[in-house]
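Written below as structure tokens is the structure these notes are about.
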Amino acid sequence: MVFRRSVPALLIVSLTCSVAGATMAVAPGAMAAYVATSSLAAFTLVAPTSEVPSGLLARAVIAAGAGCPVLQGSTEAGTDFTLPMNLRPKPALAGAAYAAVEVCERGIPAGASTAMVGSRVIPASLPSRIDRIALTGDSGCQVNSSVVQDCSNLSSWPLARISRNIAKNAPDVIINLGDYLYRESVCPPNDQNLCASSPPPPGNLPVSGSAASWIADALTPMQPAFDAAPILMVRGNHESCARGGIGFFLFFSPQRSTALQCAPSIVGGVVVVPSNDITPTWHVTWQVGTSDADSHSLTLEVVDSAYGQDGSVGAFAAAQRTSYVAAENHVAKSQPDEAWLLTHRPIFGMLPTQFFPNGGSVWSSADQAAASQGLLGRYGLILSSHLHVAQAVNIPGQPGQIVLGNGATQLYPTTGYPTPTYGPLSQPDGSALSPLATPYPAPTGTWTDVRFGYAIATPGKGSKSWSFEHQDDRGRIFAECAVARRAVNCQ
Ligand SMILES: [Fe+2]
Ligand SMILES: [Fe+2]
């Protein structure tokens, strides 16, 4: 184990500590990982099997120049492996914002029973039959011109606590539904008591995220969850290229081909980043069930909904539709026993009525609802975040929608969620929101709860039924949603 005395500038965030006589400043919580492994973070991503046969990818975030650690472990057959990790490409023009870190990756061998990156143990495998899935979304500490959370207070921003309590549930796998990066402004002068240590956006790029903000907002507070189980990362709109996209594709995207997706370029002498870049739909299939007799296949279709409008239908919906067509085609072809759609922006989600003081449709997100229309018939469930609540919605003839956007970022108002008398893609009077899309019927039921937390999903006895247990940030159960026959009922 080698302790590096040279500390990258980005680590100067809020705390100082002293090791081996050297005093340095580090991000909260980063010290243990840094000293023990020389990795700033290490985790196991769920990846498509087209990327890696095991469906699992080891990642390590290291100080630039430290050199990639090796991935080592052993297989169930008792064979040891030691594999070099490869540097993940980093956009050349990401500049100072990402200069202090590098990312190393390597596919975990199929059949691995243990895995370590440097001296840090990472999850090595998924069970042959999954029966416990943790789900969360919308997690960063919000710092912008209108909302500032207290980033060092676990009651105000409980991501580290949520990560620990997710780990205590010993999930087989974790799904994060997106929106990781929320530190998008310089901490306002009047809010120094809340966010003085929060890394500001980089000044030299047309984006709001940097390596420092990703470390503070995600990599450090999520490490307990990273240690617990492989994690499937969905891209949120906060990971569009103009926001946290460079970091998302560097740290969390599971495909090698996406590493440079948000790479800045120079156009007319100005640095720009891509917009409306949609990553191709990808999927994973797991065996799930409470027993071997109940074991059946569950396919997750992961649709990138980083872009699009929430309250109106525009031309973008036609471009987005190809993502939902790809998902539908794959499910039609592969015929899993069960299929869920994972997409950050909900197809059938409700905003609070307070957001519409002059009336207007509470349904969100309109572009996604239009883009996916007629392509949802094979799903038993839609999972999203984006709205900062826990919510469930049933639209006649459609899969139930669960929203899990209560994962630590600033919550929405606690009241103002009556069941609408009109459906998605409708105005409140029932007329069409847009000539480009057909209104859905009014919901048969909705449920909304506004408190920090996450959910633990377990399959019911017999296939295609599930229980989603909602736990608050302290791990206390506050609701349970039963999923059966494409409907969600919460209480
Ligand atoms: Fe969000
Ligand atoms: Fe979002």
Side-chain angles (χ1 to χ4, degrees), residues 135-149 151 156-159 162 175-185 207-209 213-214 216-218 221-222 232-245 247-249 252-253 262 275-279 302-312 316-317 320 323 341-352 355 362-369 371-372 382-391 393 401-414 417 448-455 473:
L135 300 108
T136 184
D138 284 88
S139 52
C141 186
Q142 203 158 347
V143 179
N144 58 42
S145 57
S146 56
V147 178
V148 174
Q149 284 178 267
C151 300
S156 171
W157 183 57
L159 178 56
I162 284 174
I175 294 173
N176 192 313
L177 293 154
D179 273 5
Y180 312 89
L181 201 284
Y182 272 86
R183 298 173 196 244
E184 300 197 279
S185 296
V207 304
S208 51
S213 54
W214 272 95
D217 240 5
M222 286 183 179
L232 188 160
M233 297 298 205
V234 179
R235 185 189 189 189
N237 58 305
H238 282 243
E239 288 75 56
S240 66
C241 289
R243 302 176 87 176
F248 176 78
F249 288 109
F252 286 167
S253 173
C262 282
S275 61
N276 287 352
D277 57 289
I278 306 171
T279 36
V302 185
V303 165
D304 177 354
S305 55
Y307 297 93
Q309 298 302 312
D310 289 336
S312 59
F316 178 78
Q320 179 76 76
S323 304
L341 174 63
L342 273 52
T343 185
H344 172 72
R345 295 182 200 251
I347 310 290
F348 309 124
M350 303 181 311
L351 291 162
F355 285 10
V362 297
W363 290 106
S364 181
S365 299
D367 262 344
Q368 304 303 320
S372 60
I382 304 168
L383 288 164
S384 307
S385 53
H386 190 54
L387 313 182
H388 301 171
V389 299
Q391 192 173 78
V393 172
Q401 167 87 61
I402 290 178
V403 174
L404 287 160
N406 57 334
T409 203
Q410 182 77 27
L411 294 167
Y412 287 169
T414 54
Y417 306 90
T448 303
D449 191 290
V450 187
R451 74 186 90 184
F452 291 129
Y454 52 91
D473 58 312

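First listed ligand is number 1; within each ligand, the first listed atom is number 1. The figures that follow rest on heavy atoms only: side chains count, while hydrogens, waters and symmetry mates do not.
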*May I ask you to check if any N/O/S atom from N237 comes under 2.8 Å of the Fe ion (ligand 2)?*
yes
*Report the relative orientation of the aromatic rings in Y180 and F248; use parallel for angles under 30°, tilted for 30 to 60°, perpendicular for over 60°.*
parallel
*For the Fe ion (ligand 1), find the closest N/O/S atom belonging to D138 and write down its atom name.*
OD2
*asked:* Using 2.8 Å as the threshold, say whether any N, O or S atom from H238 sits that close to the Fe ion (ligand 1).
replied: no
*Name of the H386 N, O or S atom nearest the Fe ion (ligand 2)?*
ND1
*Would a 4.5 Å heavy-atom cut-off, applied to side chains only, mark V393 and I347 as touching?*
no
*asked:* Rounded to the nearest 0.5 Å, what separates atom OG in S208 from atom CG in N144?
replied: 10.0 Å
*Is H344 close enough to the Fe ion (ligand 2) to have an N, O or S atom under 2.8 Å?*
yes
*Counting distance only, does the side-chain N/O of D367 pair as donor-acceptor with the main-chain N or O of G308 below 3.5 Å?*
no
*asked:* Test of geometry: compute the angle OH(Y182)-the Fe ion (ligand 1)-OD2(D179) and round it to 10°.
replied: 100°
*Would you please say whether a donor-acceptor pair under 3.5 Å links the side chains of H344 and D179?*
yes
